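Structure first, commentary second.
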Amino acid sequence: MKTELNSMKWHILIIIIVCILIIPVVFAVSNSFKTLADAFSNMFNIIPANPTLENYIHVFEKLPFLQITINTFFIAAIVTGFKIITSLLAAYAFVYFHFRGKNLLYFVLISTMFIPFTVIMIPNYLTISCMGFRDNLWGVILPQLSDALGIFLLRQSMRTIPRSLIEAAYLENVSDFKIIKDIIIPLVKPALISTGIIFFINSWNEYVWPVLVLKSKENYTLSLALQMFISAEGGTEFTIAMAVSVMTMLIPLVLYIIFQKHIINTFTMSGIKG
Amino acid sequence: MKTELNSMKWHILIIIIVCILIIPVVFAVSNSFKTLADAFSNMFNIIPANPTLENYIHVFEKLPFLQITINTFFIAAIVTGFKIITSLLAAYAFVYFHFRGKNLLYFVLISTMFIPFTVIMIPNYLTISCMGFRDNLWGVILPQLSDALGIFLLRQSMRTIPRSLIEAAYLENVSDFKIIKDIIIPLVKPALISTGIIFFINSWNEYVWPVLVLKSKENYTLSLALQMFISAEGGTEFTIAMAVSVMTMLIPLVLYIIFQKHIINTFTMSGIKG
Amino acid sequence: MKDIIFDHVLKAYGKNVVVKGLNLNICEGERLVLLGPSGCGKSTTLRMIAGLENITDGQLYMDGRIVNDIPSGKRNVSMVFQNYALFPHMTVEDNISYGLKVQKVDPREIEERSKAAISMLDLNGLEKRKPKELSGGQRQRVALARALVKRSDYFLLDEPLSNLDAQLRVHSRKELVKIHEMYHQTFVYVTHDQVEAMTVGHRIALMYDGILQTIDTPSNVYNRPANVYAARFIGAPSTNILEANLNEGKLIMAGQHIVPPEVWIQKMKENGGDMFYFGIRPEHTKITTDYMDNALKGIVRYTEDYGNKVGVYFDINGKELISVCDNNVPATGEKVYFTPDYSKIHLFDYKTENSIGYPEDLSKHNYGVVYELRGRLAGDRS
Amino acid sequence: MKDIIFDHVLKAYGKNVVVKGLNLNICEGERLVLLGPSGCGKSTTLRMIAGLENITDGQLYMDGRIVNDIPSGKRNVSMVFQNYALFPHMTVEDNISYGLKVQKVDPREIEERSKAAISMLDLNGLEKRKPKELSGGQRQRVALARALVKRSDYFLLDEPLSNLDAQLRVHSRKELVKIHEMYHQTFVYVTHDQVEAMTVGHRIALMYDGILQTIDTPSNVYNRPANVYAARFIGAPSTNILEANLNEGKLIMAGQHIVPPEVWIQKMKENGGDMFYFGIRPEHTKITTDYMDNALKGIVRYTEDYGNKVGVYFDINGKELISVCDNNVPATGEKVYFTPDYSKIHLFDYKTENSIGYPEDLSKHNYGVVYELRGRLAGDRS
């Protein structure tokens, strides 16, 4: 039975969680439409006293903003695509094949999740330097073509597929790649989407690695652009930074709206039924 | 049936994935024990020609390294702990309670996963500034007390628990908190551990947010310390940076070894059985 | 009075009404079986008693009080779930004593009660095992022990034997009855298996499509089915049902006719109308390849060997009937003569599908004597 | 010859040997049922035929070739899985035609074959539905259609009816047989349900603990069980088995004795030894409350009403036996006299537990005449 939620403590808990997660977003959107003076006098007013677009206009004047957005999207899309493909194939191999050293290999792969990114940052930097990818979007992308988290999440999801479905396909002499395409992908779609979202957003947010690789403004990503307007004291560029923030949010938001139905299903449904 | 893996293409795929994930680690460890000259002449040699500890010694002389490690650990541990607790409680409420607006609320929470961190960074900065937590570890911690990803992952895991187990507890008049403690936590332990690992490593790796909040060297975290030795050209401090990298890896590695058995079970088992 | 009363109870999920105005009295200490096919609402009914489902409309009384809003934990019920619902991370011992520990029962009493349950259900030596180290039958007994140790007044069982092998099921249903006869809780048992229902229940409540079809003793449910549905559901193979038209003392069925005993004609006339459903169980019929008077003629389509009996499916002008016989089994394609045992036939009103009742003293109307004499005559003639 | 031959086939998972040196010939076009309790190795055996399990040792021949290393897709087998294994994201139509499409069969032929299968299995109008929109019976028919459309020579079914309601199961097993009689594939059917096995199989292979216990026709498996295990497993309630000591023409069982017909004594002497297992099915016994000569005396412990019959559990010096009777049911606690039908008893060697065989022409040795006469005399005397 689902009991009605009637005790106070649960309500308070959920309200606190929502506040922690939602309020900063509202704050950013609201301040991006304020003048600097307005922002400093009424920082926590949700509705701007004198709504203005000047912060946005300033950003577009100062930076090749469209290019920066495209860069960020390009990196995130390619990285996500590759990570998903490699994770899917590796997870399939780990779930449905026997091979020598399989458990050891899986163990090693999972161990890499424990290695802080900073450890592999410099080796990766040197590698892509050697390959001539400094200040190049591909330099950001290349070391990020696979991800143990994706292998783990997709493997977990594949294990919920009744093995008899795969066996039914074996009986029809279906090849592995066709099984992946016709059966596995449709059935792990929720996990694929959620894993994809995690990869995409992580790449979108990335700062440390792109700042190392990318030098010229026309190669910047959104987080680098944002950093330009941030001064620790909140300074004179505060509302502009808010505008960059909001624009950073734009593409994920548009994607979210486009794929809304799938995403909601993904995060609401559990596994495979019937 | 598990088929034997005998086709070449699958082997190649898995080898590539392992290379992408493993080689940089080996590279970092090996170069941290080289002198700078040795590193530049034989950068891709795995075994250092003249192993040296001078890089490590240098780090300890230049920085309060123990304090920095403790800071990083403190932040990661508290953040992970809070995120896990709030995620667990929220997931429980979403799975086992009925309340008005539940689906809408869940939808909103999940939407926050799409908001780049950079968007909420400045609002959070201003909030913690107001609260007087600038250059304070708690300033790093406070905005990170809950996480929609955790709610999602734990909710998915809870949904695999047969509802009859919870109902059997209801029949015994067991309170919700006791159900969580006695039944939910033991049964979602694998998901708790994997979610905890993700949170811990993410916090461990964090750079953009701590660099904004923390100013004094004694408050630094490991990623900030590492950044000090990184110059884009690889420069004269390259091997020192590698040493910092390796030390960054140390605590996660120790934790990994301590919890090895649990972690392996977590990432090998799937869900709840009989 | 540890009774349970459903008073116009309705349960809906959104627009989907799964229990439709149920009225049902379950007496203190009786074994009531809720029987029906999957999706008939029987499990939902049980779960409403347990407090695991909200009641959409109507009242549920337990022990004289309305319990609609009383939570599960306060209803004094024990339940055995179909999947047993054992806590997979706890040992057998911990599973059994968990509820008592939560209730802060005195540790000495917990130990005493657990030990009693463990030894009654023959679980000695398994105390430290986890559920996954047990066989299906052992798990089922642990679930039973966990329910028993609570010593509650209501004992609910949701298809408790459905995950067991056939041999074990036969054994376990007997054990369940024995346990009940020791404690005499009010016992509500859900199953889709009619043999289980017949052997376990004092009374059987047959449900279909959210509606209580009949509630009666096993013997009456079998021998005096209240309606066509009950006649069809109980018994395997299923009761043969034919549309029958009463016309000048003859019953016309599938284009042929038979002459039933006068007592039955009388009963039909009392009921009124001339259309009925005629029902006869396969085991209450005789078929012969020799000519018989007052029999329906059919062609054998298919036979099934049950070991001690044979099921003969035959076709009477396109209607499929089945007869179960011991010997002289006709072959597929043979022409057969079919006679029901008139002391065991059922007649139902055509509109309501309810039984029209039974004449008194049917014993002299079975086919026995008449059939054998006529059969012999017919044999001579053919 | 589309036959299947197991030649000393062994299947082990690590140290756990689940099929222990199986020798089994399955003939072209026959319906063979693999019967046994869960964990007996029957499903593994089926899956080895399908190529879904590797063979640890021994040879499996299909169509005259060793197929140990032939992958599933090349064995020309169709299979119906217990959970049906329908692709949940595909419509009924796509589920049925998927295999043919992958095999690049001509689209017109795919359509033709799919339509034939859909209409044969009465799935018209459901073509566009997803599996989750179907009832259990419909899913089962889709799984069957998907297997049929392939028109393969081997048809494997792994407990295909176990997820269906009782009524539907009775209907479906008949349909399965009809389908087989249309196509005459080599048909291997796994089940734990003995009624299904009896009604579906040309032959039944009974397995237990990875070992083939007996393989014979349903009638022989029931009437002439090869060993104690087969006698116990087939029939519900189970065959009564008693240790019996042959001593001077008497069989001493549970401290009492009866005198069996001379033909049986002869048979026991031929076998040698003086210890046997005596077996008799509950439905082949008679119990009376009146005194009877040459009967075992017991006390009734428990009765179960099956509707048309009653099961009487009684106790003979601590051994529990069961008798199934029609009428004159004794009450719990009553003293009863128990007589087996000597034309239906089974005797097994004490060491090997194998049947000692049966004397010729047993028909005159059933209790019929003797019993009725003696019963009447006894009644007079009491």
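Being a predicted model, the structure only gives us computed values, none of them experimental. Just so you know, these numbers use all the heavy atoms, side chains as well, and skip hydrogens, waters and symmetry mates. Below, chains carry the letters A, B, ... as their sequence lines are ordered, and counting in each starts from 1.
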> Hey, is CD on C:Glu111 packed in by over 12 heavy atoms from elsewhere, all under 6.0 Å?
Replying inline: no

> Is the number of heavy atoms from other residues, nucleotides or ligands within 6.0 Å of NZ (C:Lys20) greater than 12?
Replying inline: yes

> Side chain, backbone, both or neither: which part of C:Tyr84 has a heavy atom under 4.5 Å from chain B?
Replying inline: neither

>> I'd like to verify something: which residue of C:Ser78, C:Gly99, C:Ala147 has the highest number of heavy-atom pairs under 4.5 Å with chain B?
In response: C:Gly99

> Residues two or more places apart in sequence or in another chain: which of them pass salt bridge (Lys or Arg N to Asp or Glu O under 4.0 Å) with C:Glu112?
Replying inline: none

>> Given heavy-atom pairs under 4.5 angstrom as the criterion, report whether the side chain, backbone, both or neither of C:Phe81 touches chain B.
In response: side chain

> If you count the non-hydrogen atoms of other residues, nucleotides and ligands that lie under 6.0 Å from CZ in B:Phe82, is the total more than 12?
Replying inline: no

> Where do B:Pro162 and C:Asn83 come nearest, in terms of heavy atoms and distance?
Replying inline: CB-ND2, 3.9 Å

> With a 4.5 Å limit on heavy-atom distance, are the side chains of B:Leu165 and C:Pro88 in contact?
Replying inline: yes

> Checking side chain to side chain contact (heavy atoms under 4.5 Å, CB included) for the pair B:Asp182/C:Phe87: CA distance, chi angles, key distance, verdict?
Replying inline: CA-CA 10 Å; B:Asp182 292 349; C:Phe87 302 121; over 6 Å; no

>> For chain B, which candidate among C:Asn76, C:Leu100, C:Val102 shows the most heavy-atom pairs at distances under 4.5 Å?
In response: C:Val102

> Which bit of C:Lys150 comes within less than 4.5 Å of chain B, counting heavy atoms only: side chain, backbone, both or neither?
Replying inline: side chain

> Between the side chain of B:Glu172 and the main-chain N/O of C:Gln103, is any donor-acceptor distance below 3.5 Å?
Replying inline: no

>> Applying side chain to side chain contact (heavy atoms under 4.5 Å, CB included) to C:Arg47 and B:Glu167, what does each step give before you reach the verdict?
In response: CA-CA 10 Å; C:Arg47 291 166 56 80; B:Glu167 291 173 343; 2.5 Å; yes

> Between C:Ala50 and B:Leu171, which heavy-atom pair has the shortest distance, and what is it?
Replying inline: O-CD2, 3.6 Å

>> For C:Lys74, I'd like to know if atom NZ has over 12 heavy atoms of other residues, nucleotides or ligands within 6.0 Å.
In response: no

>> Can you tell me if C:His8 has over 12 outside heavy atoms packed within less than 6.0 Å of its NE2?
In response: no

>> Which residues pass the side chain to side chain contact (heavy atoms under 4.5 Å, CB included) test with C:Asp106, not counting sequence neighbours?
In response: C:Arg108, C:Glu109

